[in-house]
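Shown below is the structure under consideration.
So that the names make sense, note that chain A is the first sequence line, chain B the second, and so on, each numbered from 1. From a predicted model like this one, the values you see are computed outputs, not experimental measurements.
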Amino acid sequence: MSNRAPSLPAMQEKYQPSVIEQAAQAHWNAARAFNVDPDPAKPKYYCLSMFPYPSGKLHMGHVRNYTIGDVLARSHKMRGYNVLQPMGWDAFGLPAENAAIQNKVPPAQWTYDNIAYMKKQLQSLGFALDWERELATCKPEYYKWNQWLFLRMLENGIAYKKTQVVNWDPVDQTVLANEQVIEGRGWRTGALVEKREIPGYYLAITQYADELLAALDTLPGWPERVKLMQANWIGKSFGVRFAFPYELDGKQEKLWVYTTRADTIMGVTFVAVAAEHPLATRAAQNNAKLSAFIEECKRGSVMEADLATMEKKGMPTGIFVDHPLTGEQVEVWVGNYVLMSYGEGAVMAVPAHDERDFAFARKYGLAIKQVIDVPGKPWSLDAWQEWYADKENGVCVNSGKYDGLNCQQAIDAIAADLAAKDLGGKQVQFRLRDWGISRQRYWGCPIPIIHCDACGSVPVPDEQLPVVLPEDCVPDGSGNPLNRRDDFLKCSCPKCGKPARRETDTMDTFVDSSWYYARYGVDAATRAKNDRMVDAGTAYWMPVDQYIGGIEHAILHLLYSRFWTKVMRDLGLVKQDEQFEPFANLLTQGMVLNHIFSRRTDKGGIEYFAPEEVDLVRNEAGHVTGATLRADGSPVDYGGVGTMSKSKRNGVDPQALIEQYGADTARFFMMFASPPEQTLEWSDTGVEGAYRFMKRVWAFGFALKSQQATGEAGGLRREIHLLLKQANYDLGKLQFNTVASACMKMLNALEKTPADPHAREGFSILLRVLSPIAPHIAHALWIELGYGDDILNAPWPEPLEEALVQDEQELVLQVNGKLRGSLRVKVGADKAAIEAAALTNEAAQKFMEGKPAKKVVVVPGRLVNIVV
RNA sequence: GCCGGGAUGGCGGAAUCGGUAGACGCAGCGGAUUCAAAAUCCGCCGGUAGUGAUACUGUGAGGGUUCGAGUCCCUCUCCCGGCACCA
């Protein structure tokens with residue numbers, strides 16, 4: 001029966017993962033099983049997992065992510081799709097510079113070494129990847145197109161230059177990433193971080209805000225939670241922009257603010273502006289205390305989380321503006337909580353109806369004037385109450401002509417009155433800000449600009465692209481080493497030809513990852529010539545049919561990618577569909593967490609330790625309370641659990657697992673551990689169980705090979721097809737843990753009746769359902785048992801109706817909602833018959849205690865509930 | 001602080017539309033096999049009471065809707081992700 005080629009050795013009784021996995025992988029490579037081209041004869045399925053940052057080693061989050069993708073890719077291939085699953089490297093970024101500082105190795109070399117190692121790891125896991133399409137974003141042939149598209153954006157007014165606020169480390173004289181700021185201090189120096197304004201390039205994502213919001217409705221294949229997060233991030237609000245007129249230095253001026261609660265305008269008792277606001281600067285000119293306060297506001301980090309949680313402070317400017325409707329004098333304050341980057345950098349303050357303003361007014365003894373009332377709710381100055389900000393039930397009071405109006409009516413009337421005075425009107429506003437892409441770092445894509453004393457900032461001409469980043473620099477923590485590289489810096493102005501200086505800022509790495517999915521699709525000819533960014537291959541493969549990645553990317557990466565695709569569409573580079581979206585279906589994988597250990601350094605910075613470097617200290621309840629360093633017994637801080645990451649040093653390398661148990665066990669265990677969308681706290685207990693299962697599958701296959709079906713047909717066939725039905729349902733739901741458990745249940749059933757005439761059919765179903773999760777063992781047994789020459793070409797199994805039929809079924813019997821017994825009835829029995837059978841049931845009679853049934857609930861196929 | 005999500009045995013988790021809570025696996029316990037161990041196989045395995053049949057109780061906490069709630073509604077606690085320069 002066997003189709004085995006004569007050269008193959010006899011089947012081994014013992015399960016040897018390393019042998020069968022190498023053989024299967026060699027077979028796939030030789031057959032070019034996963035290298036694909038456009039094929040009009042089949043439906044296409046573009047399956048993409050987010051590409052990894054080459055941090056050094058894979059961690060369990062990667063194994064989880066790429067196994068999920070592989071399960072989908074392989075099962076779709078078996079279902080007849082033309083499947084593309086590519087892989088590449090998000091290769092620019094900060095960790096390479098940190099490694100350079102530590103080890104004095106150029107980021108390029110470190111990155112390429114990491115890529116080589118991690119590629120080997122990925123290959124050893126047997127993923128169905130088309131490696132011919134591999135790309136790395138740090139290679140000039142890729143980032144050339146970042147630069148090219150940036151220049152198109154400049155031409156179209158999407159890219160522009162303005163100032164940006166950054167974290168500045170005064171000791172290292174360098175810009176810090178938010179991640180490098182710990183409790184307001186530089187992570188290496190411990191110095192208090194300052195805010196600093198420097199010029200930078202921005203991409204006008206706000207021009208697409210409305211479309212990015214509206215198009216969320218065209219994405220039924222996205223999780224609701226992600227769409228909700230993106231909608232909230234874009235933050236479209238309908239409000240009123242208006243001005244407080246004032247006279248200063250003999251000139252008539254207007255202070256503009258934006259509010260969504262114009263109905264409370266009569267309750268304004270002061271106005272707060274950001275420390276960077278021109279009015280604050282003006283007021284500080286002859287006010288040393290205010291000037292000092294503004295300086296204080298400029299200290300600290302730029303992170304929103306820090307700004308939102310810090311103590312709210314303010315100081316009066318001594319400048320008064322006129323209330324636009326009453327003409328009353330209102331004082332302007334500087335507030336450390338007002339963001340210059342949002343709206344107008346100034347807000348009207350209504351302490352009675354805004355929680356933050358209320359706390360602020362109480363702190364500084366400012367007036368609080370109630371102008372909204374909810375009938376039946378007493379208002380008092382003592383403490384803030386939720387209803388003070390109620391938009392639904394409130395009506396205006398103490399508001400003159402607006403008294404009695406509800407929120408929307410008042411906003412309409414007030415907006416109209418402001419417009420009549422030429423002091424403002426309704427305006428739609430977005431929370432979304434333009435995307436600042438300039439980074440003062442070396443290991444990134446150079447921004448293609450040349451600075452000329454005569455001509456200013458001049459774009460690099462297309463024919464000079466790419467601007468190549470020298471790969472031999474070694475950053476030392478004191479700023480961008482490109483500033484010391486004359487061979488990079490010195491150039492001539494493309495306009496006037498005079499000596500000029502090249503821009504040394506590089507692009508945010510989110511730029512690199514905003515279009516890589518489109519690049520994977522290009523044909524081999526384009527990969528070779530690199531004469532275009534995308535081509536007909538891209539048009540064939542896009543959009544990505546299934547995108548898989550961590551939930552941490554729910555907002556930024558996914559929003560930037562959607563924006564970038566729409567820009568490419570408007571430039572005519574990708575499909576011209578009105579609302580072209582890059583990712584049709586999205587699976588957001590939950591994070592894999594592990595314990596975090598850290599310690600403050602002498603300088604006040606922070607240092608992390610890997611879990612294997614420490615011993616845990618537990619309390620009586622068994623909870624981890626602390627840890628000591630294994631090397632010297634000194635205590636370290638326990639930081640709870642968090643995402644596995646290079647920077648926190650809490651990643652778990654799957655290599656040991658693969659070497660000990662094989663790729664199939666690692667993959668199966670990872671899928672079995674929990675449903676993909678759920679957060680997973682790492683633990684390897686249970687790996688043994690997955691390995692035992694593999695051994696049992698192999699042993700059953702070995703026995704079945706020489707077994708004659710002698711027994712009589714029992715319930716095996718129905719059981720297997722029932723499990724198959726469930727497995728297919730779960731696969732459709734992307735719930736792979738129960739697909740894995742269905743495989744285990746199938747094997748349990750098969751082992752109970754190995755001589756059943758349907759055992760061979762059942763095992764073929766098990767192998768096919770198992771194959772996307774544990775492809776190597778399935779591949780080997782498929783051939784050994786002579787089912788065919790390649791399981792990848794086998795059809796995906798579907799449950800047979802004939803195998804599922806039954807004539808009786810068991811119903812749950814309840815009395816007053818409590819389980820009291822069960823009931824066997826003919827399939828298709830009508831409600832009256834079921835009810836009659838239930839009422840005469842012995843267990844039912846006992847618990848009814850002779851009382852008459854008030855009501856009988858019959859749920860067909862499920863249960864009967866008798867209510868007495 | 002704001003936005004999004006989560007919480008079920010000792011542990012990971014299952015329960016499709018509101019209908020048998022704990023599938024499947026791990027750990028543990030008992031047994032078989034073995035000179036012994038590993039491996040393998042069989043059995044038990046939420047809590048309380050009971051020799052047992054069985055009864056009561058039980059899905060983070062408190063309340064509600066319903067014949068019936070892990071699932072729906074309200075309030076709260078803790079944990080995770082994001083907050084625009086980690087990727």
Side-chain angles (χ1 to χ4, degrees), chain A residues 50 52-53 55 90 92-95 98 164 166-167 175-181 223-226 228-233 235 302-310 337 341 355-356 432-441 508-510 513 550-557 559-560 588 590-591 593 622 640-643 645-648 669 672-675 677-681 683 685-690 692-693 695-696 699 726 729-730 733 735 737-738 740-745 748 810-819 822 854-857 859 862-868:
Chain A
M50 290 179 187
Y53 177 79
S55 56
D90 190 9
F92 276 136
L94 206 51
N98 295 337
Q164 52 178 348
V166 295
N167 300 305
V175 176
L176 296 179
N178 283 340
E179 186 191 49
Q180 298 172 315
V181 179
E224 284 304 319
R225 61 169 166 164
V226 174
L228 196 53
M229 278 191 261
Q230 291 217 346
N232 289 340
W233 184 263
V302 301
M303 274 181 272
E304 199 200 279
D306 288 344
L307 296 173
T309 50
M310 72 187 175
Y337 61 94
S341 53
E355 188 168 6
R356 198 167 54 181
L432 181 68
R433 306 199 293 262
D434 278 346
W435 175 13
I437 59 156
S438 290
R439 298 291 180 270
Q440 295 67 47
R441 276 181 241 297
D508 179 6
T509 55
F510 274 126
S513 56
I551 183 67
E552 77 274 24
H553 294 295
I555 296 173
L556 293 179
H557 163 60
L559 194 64
Y560 290 149
T588 44
M591 302 284 80
L593 310 180
V641 291
T643 313
S645 77
K646 175 86 183 167
S647 59
K648 295 188 202 107
F669 170 64
F672 183 65
S674 81
E677 303 221 272
Q678 197 164 303
T679 300
L680 176 63
E681 211 172 297
S683 158
T685 55
V687 175
E688 287 284 347
R692 260 198 291 271
F693 173 66
K695 287 192 285 190
R696 281 169 56 208
Q726 183 67 51
Y729 176 82
D730 290 344
K733 276 201 307 181
Q735 188 174 294
N737 56 327
T738 49
S741 99
C743 292
M744 291 176 139
K745 289 177 186 176
N748 289 348
E810 194 155 282
L811 301 185
V812 165
L813 180 61
Q814 296 182 336
V815 178
N816 285 338
K818 286 193 176 177
L819 175 68
S822 63
K854 254 193 261 177
K855 184 174 174 185
V856 180
V857 182
V859 183
R862 283 217 175 252
L863 63 62
V864 187
N865 185 17
I866 301 166
V867 186
V868 296

Scan side-chain atoms only and decide if Ser683(A) and Thr685(A) contain a donor-acceptor pair under the 3.5 Å cut-off. yes
Mate of rC35(B) where both pairing distances stay under 3.5 Å, Watson-Crick or G-U: none
Touch class at under 4.0 angstrom, heavy-atom based, for Leu863(A) against every strand present: base
Find the distance Asp730(A):CG to rA15(B):C1' and express it as a whole number of Å. 11 Å
Which part of the nucleic acid, if any, lies within contact of Ser647(A), taking any heavy atom under 4.0 Å across all strands shown: a base, the sugar-phosphate backbone alone, or nothing? nothing
Across all strands shown, which nucleotide pairs with rC72(B) by Watson-Crick or G-U wobble geometry, both distances under 3.5 Å? rG64(B)
Using a 4.0 Å heavy-atom cut-off across all strands, classify Arg225(A) as base, sugar-phosphate, or nothing. sugar-phosphate
Expressed in angstrom and rounded to an integer, what is the separation of Gln180(A) atom CD from rC86(B) atom C1'? 9 Å
Nucleotide forming a Watson-Crick or wobble pair with rC17(B), both distances under 3.5 Å: none
Please pick, from rC24(B), rU20(B), rG12(B), the nucleotide with the shortest atom-to-atom distance to any side-chain atom of Leu680(A). rG12(B)
Any side-chain heavy atom of Glu681(A) within less than 4.5 Å of one from Val641(A)? yes
Asn232(A) (side chain) and rC3(B) (base): donor-acceptor pair under 3.5 Å: no
Which of these nucleotides, rA27(B), rA87(B), rC67(B), is closest to any side-chain atom of Thr509(A)? rA87(B)
Among rG25(B), rA87(B), rG1(B), the one nearest any side-chain atom of Asn748(A) is rG25(B)
Output, in order, the C-alpha distance, side-chain angles, deciding distance and verdict of side-chain contact (heavy atoms from CB on, under 4.5 Å) for Val864(A) and Val856(A). CA-CA 7 Å; Val864(A) 187; Val856(A) 180; 3.7 Å; yes
Selection from rA87(B), rG81(B), rC67(B) that lies nearest to any side-chain heavy atom of Leu593(A): rG81(B)
Within the 4.0 Å heavy-atom criterion, would you say Ser683(A) contacts the bases, only the backbone, or no part of the nucleic acid? nothing
As a test of reading the structure: which of rA87(B), rG5(B), rU16(B) is closest to the side chain of Glu552(A), going by heavy atoms? rA87(B)
Return the minimal non-hydrogen interatomic distance between Val226(A) and Ala554(A), and the atom names on each side. CG1-O, 3.7 Å
If you take all heavy atoms of Ile551(A) and Met591(A), which pair is closest and at what distance? N-CE, 3.9 Å
Contact class for Gln440(A) vs. all strands (heavy atom < 4.0 Å): base, sugar-phosphate, or nothing? base
Checking all strands, does Gly235(A) fall into the base, sugar-phosphate, or nothing category for heavy-atom contacts under 4.0 angstrom? nothing
Just compare rG13(B), rC80(B), rC41(B) and give me whichever is closest to any side-chain atom of Arg696(A). rC41(B)
Once you apply a heavy-atom cut-off of 4.0 Å, does Gly590(A) come out as touching a base, just sugar-phosphate, or nothing? nothing
Counterpart base for rC78(B), defined by Watson-Crick or G-U wobble contacts under 3.5 Å: rG6(B)
Between rA23(B) (C1') and Phe693(A) (CZ): distance, integer Å: 15 Å
Report the nucleotide, chosen from rC24(B), rG13(B), rA84(B), that has the shortest atom-to-atom distance to any side-chain atom of Arg433(A). rA84(B)
In terms of side-chain heavy atoms of Thr738(A), which of rG1(B), rA14(B), rU16(B) is nearest? rA14(B)
Find which nucleotide of RNA chain B each of Pro675(A) and Lys818(A) is nearest to by heavy atoms, and output the residue with the more 5' nucleotide. Pro675(A)
With a non-hydrogen cut-off below 4.0 angstrom, is Trp435(A) in contact with a base, only sugar-phosphate, or nothing? nothing
Counting any heavy atom closer than 4.0 Å, what does Gln678(A) reach on the DNA or RNA strands: base, sugar-phosphate only, or nothing? sugar-phosphate
Classify the nucleic acid contact of Tyr53(A) as base, sugar-phosphate or nothing, counting any heavy atom under 4.0 Å across all strands shown. sugar-phosphate
Remember a base hit wins even if backbone is also touched, and classify Val812(A) as base, sugar-phosphate or nothing at under 4.0 Å, heavy atoms. base
Regarding Lys695(A), tell me which of base, sugar-phosphate or nothing describes its non-hydrogen contacts under 4.0 Å with the strands shown. sugar-phosphate
Just call it for Leu94(A): base, sugar-phosphate, or nothing, with non-hydrogen atoms closer than 4.0 Å on any strand. sugar-phosphate
Check every strand shown and say whether Glu677(A) touches a base, only sugar-phosphate, or nothing at a heavy-atom separation below 4.0 Å. nothing
Could you please name the option among rG19(B), rA14(B), rG25(B) that lies closest to any side-chain atom of Gln735(A)? rA14(B)
Between the base of rG1(B) and the side chain of Glu304(A), is there any donor-acceptor pair under 3.5 Å? yes
Once you apply the 3.5 Å cut-off to both distances, tell me the Watson-Crick or G-U wobble partner of rG28(B), or none. rC44(B)
